[in-house]
Amino acid sequence: MKLLDELNPQQRQAVTALPGPVLVLAGPGSGKTRVLTHRIGFLIANLGIRPSEIMAVTFTNKAAREMRSRVEKLLGGDSGVGTSGISLGTFHSFCARMIRREADQFPVTRDFVIFDESDQITLMRQVLKRLNTDPKQIHPTRVRNAISSAKNELISPDVFAANNYFNEVARRAYEDYQHQLLESNALDFDDLLFLAVRILQEQEALRQEYRRRYPHILVDEFQDTNTAQYSLLRLLAGDEPDLFVVGDPDQSIYRWRGADYRNVLRFQEDYPQAQTFLLEQNYRSTQNILDAAMGVIDKHPGRQRKRLFTDHGPGPLIKIHEAYDEVDEANTVVETIAALTLSGEAEPGDCAVMYRTNAQSRVVEEAFLRAGLPYKLVGAQYFYGRREVKDIIAYLRLVHNPEDQLSLLRVLNVPPRSIGNKTIAALIETAEEADLSPGKILLDLAMNPASPYREGFKGRAAIALTGFGEMLTGWIELSAQGNLASLIDRVLIDTDYRAYIDDGSEEGEERWENVLELKAVADEYEELGLTLFLEHVALISDQDTLTEAQNAPTLLTLHAAKGLEFPVVFIIGLDDGMIPHQRSFDDGEAMAEERRLFYVGVTRAMTHLILVRAFRRRVFGTSSITDPSGYLEDLPADLLEGDYMGIMTSDQAAYQRQTDWRWKAQSIEVQPQFRVGMRVRHSSFGEGIVMESRIEQDDEEVTIAFESFGIKVLAASLANLETLED
DNA sequence: TAGTCTGGGCTTTTT
DNA sequence: GCCCAGACTA
């Protein structure tokens, strides 16, 4: 049948495997999504399985959407089978739905809210404050991470190992944090998985019910599952499941998030009867690119060799360019894209620029702006992390759930309405004494003229708080009528929010546009209502903001690039410390993951791969000379062209590289301006005498004994020192 | 209470 | 270099 005609023999074997545990190891560009969608099609069209019995799980909303549309296309029209019955979504959305459905068994109500990472850190800060710890010693972010990892490993506070001071604090913070979450009728991302697993473990009947409901399970990007997700799958699948998982251990790049590619091995151990299929034929890249990729990944320790092959032919050589610095690097990228576009070899939209850290994007963006060329950015904080968007969402969450203390505190004085720290502290204290949430106190102040809580506040504070409570009451009433758009309008008007964020500057206008954009999203949730809208905004990611429309190059991190492909790929920042990132240097597993990350980047390229590094680079404000990434040595030399000499390996090459740049380096070499014994004046420290001066990282570091401020070490370029005549 | 200053951080970030 | 939280000042 047609469904199978589009597949190569390996793919067809996988798709038509007998129902049971199936592991598909799919190299990059080998048609992984195609196999998944055809498997779903095969189950429905050939085996007559009802769509409603199928559950397909992905990691991103985008992947879920893509899969649904491809299944629809596959089965559309003639088959007469609807695909809407398939449960297709992310791990988190699946768990959120289950928890809502079974809400009476959980310590939250069915309209709980989901806290994202910044909510978690804000809450953690409060928790640690209450535990009287020093935020400089115990970082809220680190504690959050520790708790997140624990949840991903299914570790609850009572079994959390308090084996040192940090972990002892973390354990107590964990307990308190959970308590605070539930007070706010909230769960964090990790709780969604954790609670779903726990209830399935504990309740035989529910487990059986879900197993009956979804006898056929498919999983995408299986190498990225963490312990909680793997456990969830095992619980849902049972001992004789039809469980079809697709993944590639070589592309596992989310270890720091609890993902463990060894789940692939666990799968084979847990299901010894599992059938395994290998997809090696690549439909994306030229053979040169694949050979380069294999050169990189074959150095991965303890890895089973896989061959990647294509019938696309060798294609162009891989280009390596060494730029002078990060600005030159960015300019090179823009110029090369311009040249490729001009020669007709590529469209701007065919090109992608990939980097290790988001901070690198700025220099590239600036180069595009200087050239007057458009670009698309897939970035952290792109939309839902913006302050104005988070503010409005916090207002909505508060309307939805007045007990949400975090949201209340976020917006209580935003825009400023004379509710300062003193007043907030008094509110929290009053709430604690009354054993109510601060939100409830505010509502009581607003609705009950004889509210007993009024006496807790001074006149002005009472008026301000009552005013806020009245606004909130009005919004809650409006929300009960179910009109989301007018609720948002009313919040914006009542708070005079536009005046607050839009100061007339370009930035202000942009912020207001973001608010309007959020409203546009809300419009689509008119029917579905506030609860689902809030769930949507909590579970959405930056990945989903990537638009295909504009014909412009895409800027993105190597992580964000996974699953995508582009005819022309630039990977920039191929310096030691950048790729691999220096944070990974002292951890073997982390280093292995850096290598996989580079491999992921390389295998995104269809035809042109351009690798760029910079001879010197500014990191955290100081510019210094870099070493080339070791990974460049792993690329087969005969596949490369360009002006990078490091591929000759050897010390001699390194020496030559240094000399080549010598004239440039010299021209900017800093000459010392200050001598020991000179008298100088500083704008705030006053007069002093130079004790020592040396050149450090292209700047002059001057040690000065000031008359009234003692000895200071200053950077000459920043300190703006004035020399005085003796 | 609301603005300004300062110091200490700083990867990646599917949900 | 740039951002954020908390301290500090008007």
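So you know, we letter chains A, B, ... as the sequences are listed, proteins then strands, and number each from 1. Not measured: the values here are computed from a predicted model.
- An aromatic stacking contact between Tyr254(A) and the base of dT13(B) is absent, as defined here by ring centres under 5.5 Å apart and ring planes under 30° from parallel.
- Between Arg255(A) atom CZ and dT13(B) atom P the separation is 16 Å, expressed in whole Å.
- Within the 4.0 angstrom heavy-atom criterion, only backbone atoms of the sugar-phosphate kind lie near Asn413(A); the bases stay farther away.
- Picking from dT14(B), dT1(B), dT11(B) the nucleotide with the shortest atom distance to the side chain of Ser418(A) gives dT1(B).
- Rounded to whole angstrom, the span from the OH atom of Tyr500(A) across to the C1' atom of dA2(B) amounts to 12 Å.
- Of all nucleotides listed (dT13(B), dT14(B), dT1(B)), dT13(B) comes nearest to the side chain of Glu117(A).
- For the side chain to side chain contact (heavy atoms under 4.5 Å, CB included) with Thr37(A), the qualifying choice from Met67(A), Glu66(A), Lys32(A) is Met67(A), the only one to do so.
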Side chains of residues 121-129 of chain A: which donor-acceptor partners sit under 3.5 Å, not counting sequence neighbours?
from	atom 1	to	atom 2	distance (Å)
Thr122(A)	OG1	Ser118(A)	O	2.8

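- Side-chain atoms of Arg356(A) and base atoms of dT11(B) include no donor and acceptor less than 3.5 Å apart.
- Within 4.0 Å of Ile253(A), counting heavy atoms only, lies no atom of the nucleic acid at all.
- In the set dT11(B), dA2(B), dA5(C), dA5(C) carries the atom at the smallest distance from any side-chain atom of Arg125(A).
- Counting to the nearest Å, the P atom of dG9(B) and the CD1 atom of Ile138(A) are 13 Å from each other.
- Remark: Asn226(A) is not in phosphate contact with dT14(B), judged by side-chain N or O atoms under 4.0 Å from OP1 or OP2.
- Each of His92(A) and His581(A) was assigned the nucleotide of DNA chain B with the nearest heavy atom; the assignment lying further toward the 5' end belongs to His581(A).
- Under the ring-ring contact (aromatic ring centres under 6.0 Å, His included) criterion, Phe570(A) pairs with no residue at all, not counting sequence neighbours.
- For the pair Asp248(A) CG and dT14(B) P, the computed distance is 20 Å after rounding to whole Å.
- For Asn145(A) and dT12(B), the CG to C1' distance is 12 Å, given to the nearest whole Å.
- Regarding Phe91(A), its CZ atom lies at a distance of 21 Å from the P atom of dT13(B), rounded to whole Å.
- Every pair passing salt bridge (Lys or Arg N to Asp or Glu O under 4.0 Å) that includes a residue from residues 86-103 of chain A is listed here, sequence neighbours excluded: Arg100(A)-Glu535(A).
- Side-chain contact between Arg370(A) and Asn331(A) is present, with heavy atoms from C-beta onward closer than 4.5 Å.
- Every side-chain contact (heavy atoms from CB on, under 4.5 Å) that Asn152(A) has, sequence neighbours left out, goes to Ser148(A), Asp190(A), Leu193(A), Asn226(A).
- Checking dT11(B), dT13(B), dG1(C) against every side-chain atom of Trp256(A), the shortest atom distance belongs to dT13(B).
- Across dT11(B), dG1(C), dT1(B), the shortest atom-to-atom separation from the side chain of Glu594(A) is found for dT11(B).
- You'll find the ring centres of Tyr497(A) and Tyr500(A) inside the 6.0 Å limit.
- Atom pair Arg362(A):CZ and dC3(C):P shows a separation of 6 Å (rounding to whole Å applied).
- When the nearest nucleotides of DNA chain B are assigned to Thr557(A) and Thr423(A) by heavy-atom distance, the more 5′-ward of the two goes with Thr423(A).
- Annotation: side chain to side chain donor-acceptor pair (under 3.5 Å) contacts of Arg617(A) (sequence neighbours excluded): Glu329(A), Asp575(A).
- Listed nucleotides: dG9(B), dT1(B), dT12(B). Nearest to the side chain of Lys422(A): dT1(B).
- Distances shorter than 4.0 Å separate some side-chain N or O of Asn358(A) from OP1 or OP2 on dT13(B).
- A straight line from CD of Glu365(A) to C1' of dC2(C) spans 14 Å, rounded to a whole angstrom.
- Contacts between residues 461-469 of chain A and DNA chain B, defined by a heavy-atom separation under 4.0 Å, are absent.
- For Ala259(A), counting side-chain heavy atoms from C-beta on, the closest listed nucleotide (dT14(B), dT13(B), dT11(B)) is dT14(B).
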